[in-house]
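Letters A, B, ... are given to chains in the order of the sequence lines, protein chains preceding strands, and every chain is numbered from 1.
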Amino acid sequence: MGVVIEQELGTVHGDEMILNIGPQHPSTHGVLRLKVHTDGEIITQITPYIGYLHRCFEKHCENLTYEQSIPYTDRCDYIGSMNNNFGYAVAVEQLMETKVPEKVEYMRVIVAEMNRIASHLLALGTFGLDVGAFTPFLYCFRDRERILDLFEMLCGARLLYNYIWIGGVSHDFPVGWVEKTYEFLDYFEPKINEYNDLLTYNKIFIERSADVGVIPADVAISYGVTGPNLRGSGVRWDLRKDDPYGIYDRFEFDIPIGTGAMGSVGDCWDRYYVRVRELEECVKIIRQALDALPRDGDVHAALPKKIRPKAGHVYSRTESPRGDLGYYIASDGSDIPSRIKMRSPAFTALSCLNEISRGWMISDVIAILGSLDIVLGEIDR
Amino acid sequence: MVDYFLETFSEITWLASSPNLSFVLAVTLAGLPIFLFMALNALIAVYAERKISAFMQDRLGPMGQGVGLHAGKWGILQTVADAVKLITKEDIIPATADRKLFIIAPFILFTASFTAFAAFPFNEYLVAADFNIGLFYILAMGSVGVIGIILAGYSSNNKWSLYGAMRSAAQIVSYEIPAGLSLLSVIMLSGSLAFRDIVAAQTGTTLAILPNWFILDNPFTFIAFWIFFVAGVAEVNRTPFDLPEAESELVAGWMTEYSGMRWSFFFLAEYANMFIVAGVASLLFLGGWLSPIPGYLEGNLWGIFWFISKVSFLIFVMMWFRWTFPRLRTDQLMRLCWKFFLPASFVTIIGVGIWDLFVR
Amino acid sequence: MDFAGIIGIINAKFGEGFASIDEEVSADTVRLTPEQWGQLAPFLRKTPELFFDAMMCITGIDEGVESENLAVSYNLHSMKHNHKLEIYVSMPKSDPKVPSVEQIWRVADWFEREVYDMFGIEFEGHRDLRRILLPSDWDGFPLRKDYEFPETWHGIVINKMKEGWE
Amino acid sequence: MTIGVTINSLPVINSSTSMYRDFGTSFIFVLIGIILVAVPLLLQRILSPRRKTAEKMSTYECGEDVEGPAWVKFNIRFYVIALIFIIFDVEVVFLFPWAVVYKELGLFAFVEMMIFLGILALGLAYVWRKGDLEWVKYSVPYGRGRYRKLTIIEETPASPAPAPQETAA
């Protein structure tokens, strides 16, 4: 069987014990099953079993028109739904060679970045929870709640938005939304320090996460790890800068990378801290986009009633909160896509778990899993 | 209290004739209030824990309105509702478990903390059983509990439970040493193991206005207090030392397979142990039932008040820890104990000795 | 480096006409046979000028009931040079076999398992080729166009897709 | 500065009856404790429903069937800690009587006990130096990790080499 990596483990041995972490376990972030071989507390091998949440997303898409697939993309990464919509819309527009109105571009960036903040907040909170700190989790949720309130005002939904459509967005910002978003940003920016005080620079937290679960840059690239996880390993790679889609090339922001400030480059602390720093960058982008947002204009490009892209295929990538979100769309000229494949960042991030967590303890594996920030809806699709 | 009851019984003619019976009766009568107090302590502490955590986390906590199914105003009946739920819950023993040990485990754990509780003085006179080696007795009884934990974890035949048991075995026994050693400094200064003498040694003032508590006696006892308190938190398995039941790692650790009433005794014992650690710390270092302003607000009732408030404060600090800190890892926990607390507690003993002989 | 440059390097090594550009499918896609892909993959990874160190995506494709072809599409990317390439490998449905690149790009491990799971394409040389998303005892390969849905699975009745959705 | 109250007499157990009483008291407390656990359990037996099914009685393993037994030969690390504990705990018990009479005996006893503690500390230093206080001595694939202060005794490579790696950009 497969990649069984036998390892001679130092001097002392116990019997090998097989532990099933999940599917019913508090810190598997969904329904993930890890079959863990342990010796005492030390992990000798991990085999992830996924598919508990498989909803046949790709099979569904083969039976739906292009527009009808959008709500299904929501359900993949249910923490960062806006970005999923965004990625899908960009892919189809690329296939159709459509340009969307200027205003829509700004609106998309604003909601996508807001969603990125919400997603990162959840990631930070649950990582704290995984290493035993309960309070930061609720602090993060408190602030995430405000973003969800704004989204609710925007499109009525709090989790699965179906807001970004092909060629535009479902409707304009409601009256007062922009002001409320400014208010939120003013409220949120100082709160980032609060997380830092409570968790980031906590001695125990550093002990638990620094130097743990190091992913070297080359291993990360080989395993297709992207997004904040890859940046935590010290690779300055962000699609918003390196292969800009939408209008991301118009904004000024930094790409934080892991520096190994507390341990080695690419450890759990770096991955965590990259997300904290990204919160600030998101706020920067949203402020610029809000400032430049055109007042008037259509929120929908002129598209035919039935979307029939010409035959061909396209692979388009966008930067979701978890990394490179790719859509491979093959069209045969009809209004139903012949193949939609979603390349999910969490899928590849999880695939390196066995590689990086051998030799660590059970507690560390939970921390590593938390720092990778996986969403099972996206992995299983 | 045992003595008091014995004296009372000796005046009752039919009881005075059989000393054994009157002795048993006296101890039983002294024991029942202890149980009531333990239950009450758990009830209030659980409610406090919920509310304190809620306030620390910017939320409301249990907020039921009205009596009945809604757990009372401000959720004050939440714990009672929990108790009712626990007692009406189906009692499940896994088919593969070691049945005998599984049943015995909560008995050991609860009985250990109950018997330890019996030696607690709430003021100079109010103590269920006044042993002249009270401190040693409490330490001894406190360390029996770990057997219950190991049995519970082992007998469940569950991997999570086994991990919890193994961790707690390593953890509790390790932290017992610094806890015991740090208490030695107080015993050296007071020259007694009876709480009455230890507290009596702390009367008066130091530095003109401050109370003459052992925590303020010299720098080494000050360190010893913190060693004892942190080691005590580790011994009662609370965050940041809650590895045996680490919920994000081991689901519920050694009590994974326990539910209903059997589990509630673990719970009761945990809160009782918190009280014991906080109680020993306040008796030995914080002057027990003595008033913080020497010469004022003293007396038996005030004594009870001061003792309970000191203990409550320390329990609050434990809760504060729990809702602030992440959890340590097993090897870090051991490192902290053996490489930091153990040498430090040696230093406190030597330091107190030198201070007492030469500096003072 | 742009697409033409990449093609140039590949053709310089493997001979002119090795990498044919298929205008019909997409402008920047290289169409290959499975054997050619087996030769090309290590070259793409190791050549310093190309250095495709990241495998972005592996997609299985069923080209439709009529064409009787399955295909695998590889999206490669170079973190160093920031250029990308798409490789399109097609094979007959009767004998779907592709050389595995799992040991060249580790991420291909799971991607290839997924393609195998959904299309039944065998990746030769993969060390751990088994189903990943579906249960291990699932019958058939669901993303093939001619896939017939089972009536039940372990006693669970599977709802048929409704006819005539628009 | 002196402690407020001087202690006149040592807490010696006065007579055999007193000892009998102390032990008797704690024994009865144990009995009461057992009864206090038994009664609510009995009450639960009366009040609670009893509908046992095979699933309910099965061991919790995160929703999966149990793989392999839980009662295995566990890693020796845990027992090493227990052994070290026993050594130190016995010494602590020796220290208690000394601490009680320390004030009476003065400098001589203090010096004596310091010698005893010195030997104990020597033992601790030995265990420390030997590395038995460290929890683990294994190697992790990447990074220095928690082993950066340890010399790793042997580092065996994983048997099927995990893919050729060049250093990336």
Side-chain angles (χ1 to χ4, degrees), chain B residues 2 23-24 27-28 31 35 87-92 94-96 106-107 110-111 114-115 118 129 131-132 136 157-159 162 166 169-170 173-174 176-177 180-181 184 187-189 191-194 197 200-201 203-204 212 256-257 260-261 265 330-331 334 338-339 342 346 350 353 357 360, chain D residues 1 3-5 7 10-11 13 21-22 24-26 28-30 32-34 36-37 40-41 43-45 47-51 56-62 70-71 74 78 81-82 84-85 88-89 92 95-96 99-104 106-107 110 114 117 121 124 128 133-136 146:
Chain B
V2 176
F23 178 62
V24 171
V27 177
T28 314
F35 176 73
I87 209 160
T88 54
K89 215 171 171 182
E90 185 172 358
D91 177 32
I92 289 170
T96 52
F107 281 90
F110 177 80
T111 309
F114 175 72
T115 37
F131 300 112
N132 54 14
F136 201 66
N157 194 4
N158 177 312
K159 289 158 192 170
L162 186 71
M166 282 299 175
V173 299
S174 299
E176 215 145 77
I177 299 167
L181 283 174
L184 275 177
I187 299 165
M188 283 163 74
L189 290 176
S192 171
L193 288 168
D197 300 336
T203 48
N212 185 27
T256 306
E257 292 291 356
M261 232 28 216
F265 281 110
T330 321
D331 60 326
M334 292 299 145
W338 291 102
K339 294 191 174 174
L342 190 56
F346 275 140
I350 299 165
L357 285 172
R360 200 188 299 277
Chain D
M1 190 169 294
I3 301 178
V5 176
I7 288 125
L10 299 178
I13 294 161
R21 252 195 52 192
D22 282 356
T25 313
S26 54
I28 293 169
F29 269 121
V30 170
I32 299 170
I34 290 170
L36 286 176
V37 180
L41 283 179
L43 208 64
Q44 182 194 24
R45 219 178 160 70
L47 290 174
S48 68
R50 249 170 293 166
R51 279 182 287 276
K56 219 184 261 181
M57 303 291 285
S58 66
T59 308
Y60 174 81
E61 181 134 334
C62 295
W71 292 330
F74 217 70
F78 292 94
I81 292 288
I84 303 173
F85 159 73
F88 279 96
D89 206 38
V92 172
L95 285 171
F96 267 88
V100 173
V101 294
Y102 151 82
K103 283 241 169 190
E104 325 285 312
L107 185 61
F110 179 69
M114 282 311 107
L117 276 182
L124 179 68
W128 193 328
L133 296 182
E134 300 291 336
W135 190 255
V136 273
R146 63 193 130 96

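The line from CD1 of B/Ile350 to CZ of D/Phe110 is 7.0 Å long, rounded to the nearest 0.5 Å. Taken to the nearest 0.5 Å, the CD1 atom of B/Ile187 stands 9.5 Å off from the CG atom of D/Leu95. The structure places CD of B/Glu90 at 6.5 Å from OG of D/Ser48, a figure rounded to the nearest 0.5 Å.
Across B/Thr115, B/Thr256, B/Ile177, the residue that shares the most heavy-atom pairs under 4.5 angstrom with chain D is B/Ile177. Per-residue heavy-atom pair counts under 4.5 Å with chain D were compared for B/Thr96, B/Ile92, B/Leu184, and the maximum is reached by B/Leu184. Chain B forms more heavy-atom pairs under 4.5 Å with one residue of D/Leu41, D/Leu107, D/Leu36 than with any other, namely D/Leu36. Ranked by heavy-atom pairs under 4.5 Å with chain B, the first of D/Arg45, D/Lys56, D/Arg50 is D/Lys56. Note: D/Gln44 leads D/Gln44, D/Met114, D/Arg51, D/Met57 in heavy-atom pairs under 4.5 Å with chain B. Of the listed residues (D/Val30, D/Thr59, D/Leu117, D/Leu47), the one with the most heavy-atom contacts under 4.5 Å to chain B is D/Thr59.
Here the closest non-hydrogen pair linking B/Phe107 and D/Ile34 is CE2-O, 3.4 Å. Smallest separation of non-hydrogen atoms from D/Tyr60 and B/Glu257: N-OE2, 2.7 Å.
The shortest distance between side-chain heavy atoms of B/Phe346 and D/Leu124 falls below 4.5 Å.
For chain B, the nearby parts of D/Phe96 are the backbone and the side chain; heavy atoms of each come within less than 4.5 Å. Looking at B/Ala169, neither its backbone nor its side chain comes within 4.5 Å of chain D, counting heavy atoms on both sides.
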